[in-house]
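Only heavy atoms go into these numbers, but all of them, side chains included; no hydrogens, no water, no symmetry mates.
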Amino acid sequence: MRSGYPLDQCALYKIQRKSLLALRLNRSLGFVRARANNPSMYKVWNEAKASGGFRTIEAPREDLKAIQKRIATLLQRVLPPKFLYSPVKGQSYIDNALVHRGSREVRLLDVRDYFGNCQSEAVFRFFSSRMKCSPDVAWLLTGLTTRGGHLPQGSPCSPILSFFCCEPMWQEIDNVVKGAGCKLTVYVDDITISGEHCPEAMIYEVKKILLRHGHKHHPTKERRHTDRPAEITGVIVGPAKFSAPHRHFKKLQAARIASVTAVTEDQRLLELSRARSLESQIQQLVRLSQAGQP
């Protein structure tokens, strides 16, 4: 069961003084100021994507990361809408996928460069207009959570802030999907829509809403599944059952082998941890499937 409180009960709501913001972040004002609007607080590198190409990772330094974690924690205590599954406490990629069990048709959309298109202006607007912070406090919060004019890939508060910055867009999409008699779930930048039938006009309207709000879907990642299993956030969901994808078992086997052949103790422990995590995920899906969940 989801829990949380209204937005106006958040500890970041209606802060009018920077000194009070620092207090809510459990830091001194000088400490907070020194880490805002400071690109050098990030380590930046390109990481290869499984689908090809690269994504730019902008990982904050540990001291800034601690502040961002605090901001994320406070925002994640706000009660989320039913369609949002990440980042939501107590919800997982499995919960997201199982919403669509039993649907004849599943449509999958991926938002392209989601964090990169969440601009600093939208972050400032959220803190100043929605959170009703004073302009200087909103600007300081924006400086703590953005880099280079956007939300960074690698920050612990980018997932929840991206939702709040784009909440009007997500609410519009939810209304359109509900109006067509379908189900919607959002897992950061992964959109899943399902139902007895997903009208093409509805999918087209969803894409138009994305564009109107400065985002767009990734055409090569769009998928349509009718009367057959679909992979939804790493779970194979069919009309009557669900399971882990085959690659999870391959990864589990590879991690077990790597733990045996590891040269160092640190490598061995890392691979063992990876294997246990994968094993736990697979076993959870097996238990749920056998119990006839969701």
Side-chain angles (χ1 to χ4, degrees), residues 1-8 75-76 78-88 90-115 117-119 122 125-126 129-130 159-240 242 293-294:
M1 184 177 177
R2 297 181 180 220
S3 61
Y5 43 58
L7 191 71
D8 61 7
L75 291 176
Q76 283 176 242
V78 175
L79 184 64
K82 289 182 179 180
F83 61 79
L84 186 67
Y85 277 81
S86 180
V88 175
Q91 302 293 302
S92 71
Y93 70 96
I94 294 175
D95 297 307
N96 177 81
L98 296 188
V99 169
H100 304 281
R101 188 185 182 199
S103 295
R104 285 195 62 205
E105 185 173 351
V106 176
R107 299 295 296 265
L108 303 168
L109 299 172
D110 179 273
V111 184
R112 193 172 200 166
D113 193 17
Y114 183 42
F115 292 165
N117 285 314
C118 287
Q119 302 294 306
R125 190 162 55 247
F126 165 68
S129 299
R130 290 290 311 285
I160 189 63
L161 258 182
S162 64
F163 166 71
F164 280 118
C165 290
C166 299
E167 187 172 11
M169 176 185 81
W170 292 123
Q171 293 292 353
E172 277 189 57
I173 290 173
D174 186 46
N175 290 337
V176 167
V177 173
K178 280 181 179 175
C182 296
K183 295 179 285 189
L184 167 74
T185 61
V186 175
Y187 199 86
V188 189
D189 58 356
D190 288 329
I191 303 171
T192 308
I193 300 168
S194 72
E196 186 69 15
H197 171 61
C198 298
E200 211 51 55
M202 178 262 289
I203 298 297
Y204 178 66
E205 188 60 32
V206 168
K207 294 175 183 177
K208 279 173 58 179
I209 292 169
L210 287 170
L211 281 171
R212 192 163 65 247
H213 287 270
H215 293 272
K216 57 184 176 180
H217 76 292
H218 207 303
T220 61
K221 294 183 179 181
E222 183 176 355
R223 298 287 185 271
R224 179 178 183 174
H225 301 265
T226 304
D227 292 326
R228 62 189 177 95
E231 183 176 336
I232 304 170
T233 54
V235 179
I236 304 299
V237 179
F242 47 90
Q293 296 290 330

Student: How about Thr192 and Tyr187: do any of their side-chain heavy atoms sit closer than 4.5 Å?
Tutor: no
Student: Are side-chain heavy atoms of Val235 and Tyr93 found at a separation under 4.5 Å?
Tutor: yes
Student: Taking the six-membered ring for Trp, are Trp170 and Tyr114 parallel (under 30°), tilted (30 to 60°) or perpendicular (over 60°)?
Tutor: perpendicular
Student: Assess the residue pair Lys216 and Leu210 against the criterion (side-chain contact (heavy atoms from CB on, under 4.5 Å)); give the C-alpha distance rounded to whole Å, side-chain angles, the decisive distance to 0.1 Å, and a yes or no.
Tutor: CA-CA 5 Å; Lys216 57 184 176 180; Leu210 287 170; 5.5 Å; no
Student: Does Lys82 have any side-chain contact (heavy atoms from CB on, under 4.5 Å) partners at least two apart in sequence or in another chain, and if so, which?
Tutor: none
Student: Identify whether the distance between the nearest side-chain nitrogen and carboxylate oxygen of Lys183 and Glu196 falls below 4.0 Å.
Tutor: no
Student: Keeping Asn117 on the side-chain end and Asp113 on the backbone end, is there a donor-acceptor pair under 3.5 Å?
Tutor: yes
Student: Atom SG of Cys118 and atom NE2 of His213: how far apart are they, to the nearest 0.5 Å?
Tutor: 12.0 Å
Student: Less than 6.0 angstrom separating the ring centers of Phe126 and Phe164, yes or no?
Tutor: yes
Student: Restricting to non-hydrogen atoms, name the atom on Arg112 and the atom on Pro219 that form the minimum distance, rounded to 0.1 Å.
Tutor: NH1-CD, 4.1 Å
Student: Determine whether Ile191 and Leu108 satisfy the following criterion, side-chain contact (heavy atoms from CB on, under 4.5 Å), listing intermediate values before the conclusion.
Tutor: CA-CA 6 Å; Ile191 303 171; Leu108 303 168; over 6 Å; no
Student: Do you know the tightest heavy-atom contact between Ser3 and Pro80?
Tutor: O-CD, 4.3 Å
Student: Could you grab the distance from atom CG of Leu211 to atom CE of Met169, nearest 0.5 Å is fine?
Tutor: 10.5 Å
Student: Between Tyr85 and Val99, is there a side-chain heavy-atom distance shorter than 4.5 Å?
Tutor: yes
Student: Rounded to the nearest 0.5 Å, how far apart are CD1 of Ile203 and NZ of Lys208?
Tutor: 13.5 Å
Student: Heavy atoms only: give me the nearest Gln171-Pro81 pair and the separation to one decimal.
Tutor: NE2-CB, 4.2 Å
Student: Below 4.5 Å, heavy atoms only, C-beta onward: do Met202 and Val177 meet side chain to side chain?
Tutor: yes
Student: Going by heavy atoms in the side chains, are Lys207 and Glu222 under 4.5 Å from each other?
Tutor: yes
Student: Using 0.5 Å steps for rounding, measure from the CG atom of Asp110 to the CZ atom of Arg223.
Tutor: 10.0 Å
Student: Can you see which heavy atom on Cys198 is nearest to which on Gly195, and at what distance?
Tutor: SG-N, 3.9 Å
Student: With distance as the sole test, does Ser86 use its side chain to make a donor-acceptor pair with the main-chain N or O of Val188 at under 3.5 Å?
Tutor: no
Student: Are Arg107 and Glu200 close enough, and set up right, to give a salt bridge (Lys or Arg N to Asp or Glu O under 4.0 Å), and what steps lead you there?
Tutor: CA-CA 10 Å; Arg107 299 295 296 265; Glu200 211 51 55; 3.0 Å; yes
Student: Would a distance-only check, ignoring hydrogens and angles, find a side-chain to backbone donor-acceptor pair under 3.5 Å from Ser92 to Ile94?
Tutor: yes
Student: Do Ile193 and Val206 come within less than 4.5 Å of each other through their side chains, counting heavy atoms only?
Tutor: yes
Student: Could you state the interatomic distance from CD1 (Ile209) to OH (Tyr204), rounded to the nearest 0.5 Å?
Tutor: 12.0 Å
Student: Quick check: closest heavy atoms across Cys182 and Pro199, and the distance to 0.1 Å?
Tutor: SG-CD, 4.3 Å
Student: For residues Thr185 and Asn96, is any side-chain donor paired with an opposing acceptor at under 3.5 Å?
Tutor: yes
Student: Could you pull out the closest heavy-atom pair between Leu184 and Asp174, with the gap in Å?
Tutor: CD2-CA, 3.6 Å
Student: Are Val237 and Val106 close enough that some pair of their side-chain heavy atoms sits under 4.5 Å apart?
Tutor: no
Student: Rounded to the nearest 0.5 Å, what separates atom CD in Gln76 from atom CG in Leu79?
Tutor: 13.0 Å
Student: Within the distance-only criterion (no hydrogens, no angle test), does the side chain of Glu231 pair as donor or acceptor with the backbone N or O of Ile236 below 3.5 angstrom?
Tutor: no
